[in-house]
There are 2 protein chains.
Amino acid sequence: MSAGQSGPGRRPFVRIGEEGRRAALIDATLDLIAEGGPQAATVRAIALRAGVTPGLIRHYFATKEDLVAAAHESLMSGLTDASGATLAELPDTPLARLAGFIAAAVSPPVTDPRGVALWAASMQLVPRDAAMRAVHEKTYLAFRDRLQGLIADALIAAGRGTGDTRALAIAGNALLDGLWIEAGALPGHFRDGEMKDIAIKAFSRLLQLELPEG
Amino acid sequence: MSAGQSGPGRRPFVRIGEEGRRAALIDATLDLIAEGGPQAATVRAIALRAGVTPGLIRHYFATKEDLVAAAHESLMSGLTDASGATLAELPDTPLARLAGFIAAAVSPPVTDPRGVALWAASMQLVPRDAAMRAVHEKTYLAFRDRLQGLIADALIAAGRGTGDTRALAIAGNALLDGLWIEAGALPGHFRDGEMKDIAIKAFSRLLQLELPEG
DNA sequence: GGCGTAATTATACGCTTGCATAATTGCGCA
DNA sequence: TGCGCAATTATGCAAGCGTATAATTACGCC
């Protein structure tokens, strides 16, 4: 029996470049936070989930706080990228574009409990961590500005003025945020597509436009 | 010198009834969570803040989890009571009532960072704790139903039908939630009263009513 | 194909945590 | 006024935490 060694021996391993390891550690961190909250993301649990031993974390991140910060940044840039990718696939006419953007924001896969849980976790750090606040502010404004642009285009296409698009974008963004949170926090509480219908109708009235329900 | 004892001596204390102690421990817990997140609310920190020694906590709460759950329930019922008290002080005409309710929901003292931080902390537990989810669901529906009632009254007073008040209440609730969160998360980002103006205008369009800007 | 080195594992330390239990003391009550 | 008991303090413990450091091993390179 070649497997019968005298001791348990040292665990074998394969080397993966810095890039891959950092990504694996970040993914493991986000998974654990989403499933069990920040207190579940211990160094040992992260290492176990990532398939390495705890010591390795220190090789890539000076401190656990650094790892969590990197995970948060990765999460946020991921959301931003997803939003941008959505935009690229939307139709061309301004009204349909806006409607598609709204629908995507309150439908799966954007509305999922994991995302809401992660968002709540990061939200908690925003008031007292300056770096977190900066990231929050940046991503919040990026999304809102994108929405504001779509709103302005739709209003112009309808031959309407673009007076208070800032207020409309703030309100529209708040509406989407609130619906997204409830859809994620209370899954099963709303019919399939109900959030989308509510969002489209609410925006139609908010902008006094007829958005296609498609 | 009567103060010069041989040893430090045992710390003196005064007895307070169960009611007062439990309230003090709950308040200390909420303060700590609001300031430093759940991980700051350790048994020792809570006891220090409440002016007692750690052992006493075990005398009133079988486990720390019990204390946190009690604190969450206290927080939520406090918010519900505050909302009810607001309602009692509103004017009598349906439109003014609705406008006052909306304005209160997105103005100080309702919009404060402490409240948003506590809400985010509890939000994080909702997806994986059944008891938390039940409380969240109950308070969410209570607020939404209250809003739905005010909306229906306003529509009736305007001689309008009350067809889809459910959808309007869901959207309106989401709008208020989103504005409340951003006001609390990014204090100083919005002019004084800006949130109120945005909320009133958005609701006016949403309901196709002229709400008084008060 | 063997050597050097960076990636990885292994071990250990000090600290904090939640919780248990024993010792004390303030205070209502007769 | 002093007794009795519950409220409170004091002490201790086992487990888990993040982190430091030394030992090992996979793998690129000449």
Side-chain angles (χ1 to χ4, degrees), chain A residues 2-3 5-29 32-33 35-72 121 125 129, chain B residues 2-3 5-29 32-33 35-72 121 125 129:
Chain A
S2 63
Q5 295 289 76
S6 60
R10 182 170 262 245
R11 156 204 261 222
F13 61 91
V14 292
R15 302 178 109 126
I16 303 184
E18 167 159 0
E19 186 182 15
R21 277 293 186 228
R22 287 180 67 98
L25 290 171
I26 285 175
D27 286 350
T29 303
L32 287 167
I33 292 177
E35 290 170 14
Q39 73 275 29
T42 69
V43 169
R44 285 165 178 82
I46 293 168
L48 181 67
R49 170 79 60 122
V52 298
T53 53
L56 189 60
I57 291 180
R58 280 272 301 163
H59 194 258
Y60 288 110
F61 299 94
T63 177
K64 189 199 161 190
E65 207 173 22
D66 285 1
L67 170 55
V68 172
H72 181 242
L125 304 177
D129 185 307
Chain B
S2 64
Q5 297 289 77
S6 60
R10 182 172 263 246
R11 157 204 260 221
F13 61 92
V14 291
R15 304 180 114 142
I16 303 184
E18 169 159 359
E19 185 183 16
R21 277 294 186 226
R22 286 180 68 100
L25 290 171
I26 286 174
D27 286 351
T29 303
L32 287 168
I33 292 178
E35 288 170 15
Q39 73 275 29
T42 68
V43 169
R44 285 166 179 79
I46 293 169
L48 182 67
R49 171 77 61 121
V52 298
T53 53
L56 190 59
I57 291 179
R58 278 272 301 161
H59 193 257
Y60 288 110
F61 298 94
T63 176
K64 189 199 162 190
E65 208 173 22
D66 286 1
L67 170 54
V68 172
H72 181 242
L125 304 178
D129 185 307

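By convention in this document, chain letters (A, B, ...) are assigned in the order of the sequence lines, proteins followed by strands, and residues within each chain are numbered from 1.
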Handout entry: Passing option when A/I46 is tested against A/I33, A/L67, A/D27 for side chain to side chain contact (heavy atoms under 4.5 Å, CB included)
Key = A/L67
Completion exercise
Sorted by position of nearest nucleotide on DNA chain C, 5' first, the leading residue of B/P12 and B/A62 is B/A62
Practice task
Using a 4.0 Å heavy-atom cut-off across all strands, classify A/V43 as base, sugar-phosphate, or nothing.
Solution key: base
Fill in the blank from the handout: From CD of B/E18 across to P of D/dT8 the rounded distance in Å is 10 Å
Exercise for the section: Grab the two heavy atoms, one from B/E18 and one from B/Y60, that are nearest each other, plus how far apart they are. Expected result: CA-CE2, 3.7 Å
Exercise for the section: Would you mind telling me which of D/dC27, C/dA7, D/dG18 lies closest to the side-chain atoms of A/L56? Expected result: C/dA7
Handout entry: Rounded distance (Å) that lies between atom C1' of D/dT19 and atom CG of A/D66
Key = 13 Å
Kindly give the atom pairs (protein nitrogen or oxygen, nucleotide nitrogen or oxygen) under 3.5 Å for nucleotides 22-24 of chain C.
none

Problem - D/dA7 phosphate, OP1 or OP2, under 4.0 Å from B/Y60 side-chain N/O - result: no
Fill in the blank from the handout: Rounded to whole Å, the CD1-P distance (A/I46 to D/dG18) equals 7 Å
Practice task
For A/R11 and D/dT25, give me the distance from atom CZ to atom C1', rounded to whole Å.
Solution key: 14 Å
Practice task
Pick base, sugar-phosphate or nothing for A/T42, based on heavy-atom distances below 4.0 Å to the nucleic acid.
Solution key: sugar-phosphate
Practice task
Pick base, sugar-phosphate or nothing for A/I16, based on heavy-atom distances below 4.0 Å to the nucleic acid.
Solution key: sugar-phosphate
Completion exercise
Tightest non-hydrogen contact, residues A/R49 and A/A28, listed as CG-CB, 3.4 Å
Problem - Minimum heavy-atom distance B/D66-B/A62, with the two atoms named - result: OD2-CB, 3.7 Å
Handout entry: Any side-chain heavy-atom pair of A/F61 and A/I26 under 4.5 Å
Key = yes
Completion exercise
B/S/- along nucleotides 1-6 of chain D (protein heavy atoms under 4.0 Å) is -----B
Problem - Check: A/V52 and A/L25 side chains under 4.5 Å, non-hydrogen atoms - result: yes
Practice task
Identify the two heavy atoms, one from B/P54 and one from B/R44, that lie closest to each other, and give their separation to 0.1 Å.
Solution key: CG-CG, 3.9 Å
Handout entry: Interatomic distance, A/L48 CG vs D/dC17 P [rounded to whole Å]
Key = 12 Å
Exercise for the section: Kindly point out which of C/dT9, C/dC19, D/dT8 is positioned nearest to the side chain of B/R21? Expected result: D/dT8
Exercise for the section: Answer yes or no: side-chain N or O of A/R44 and base N or O of D/dG18 forming a donor-acceptor pair under 3.5 Å. Expected result: yes
Problem - Any donor-acceptor pair under 3.5 Å from A/K64 side chain to A/A41 backbone - result: yes
Practice task
Round to the nearest Å and state the distance from A/I57 atom CD1 to D/dC17 atom P.
Solution key: 12 Å
Exercise for the section: Output the distance between atom OG1 (A/T29) and atom CD1 (A/I57), rounded to the nearest 0.5 Å. Expected result: 6.5 Å
Handout entry: Nearest non-hydrogen partners of A/A50 and A/A24, listed with the distance
Key = CB-O, 4.1 Å
Exercise for the section: Nearest-nucleotide wise, let me know which of A/G51 and B/Q39 is further upstream toward the 5' end of DNA chain C. Expected result: A/G51
Practice task
Side chain of A/R58 only, please: which of C/dC19, D/dA20, C/dT8 is the nearest?
Solution key: D/dA20
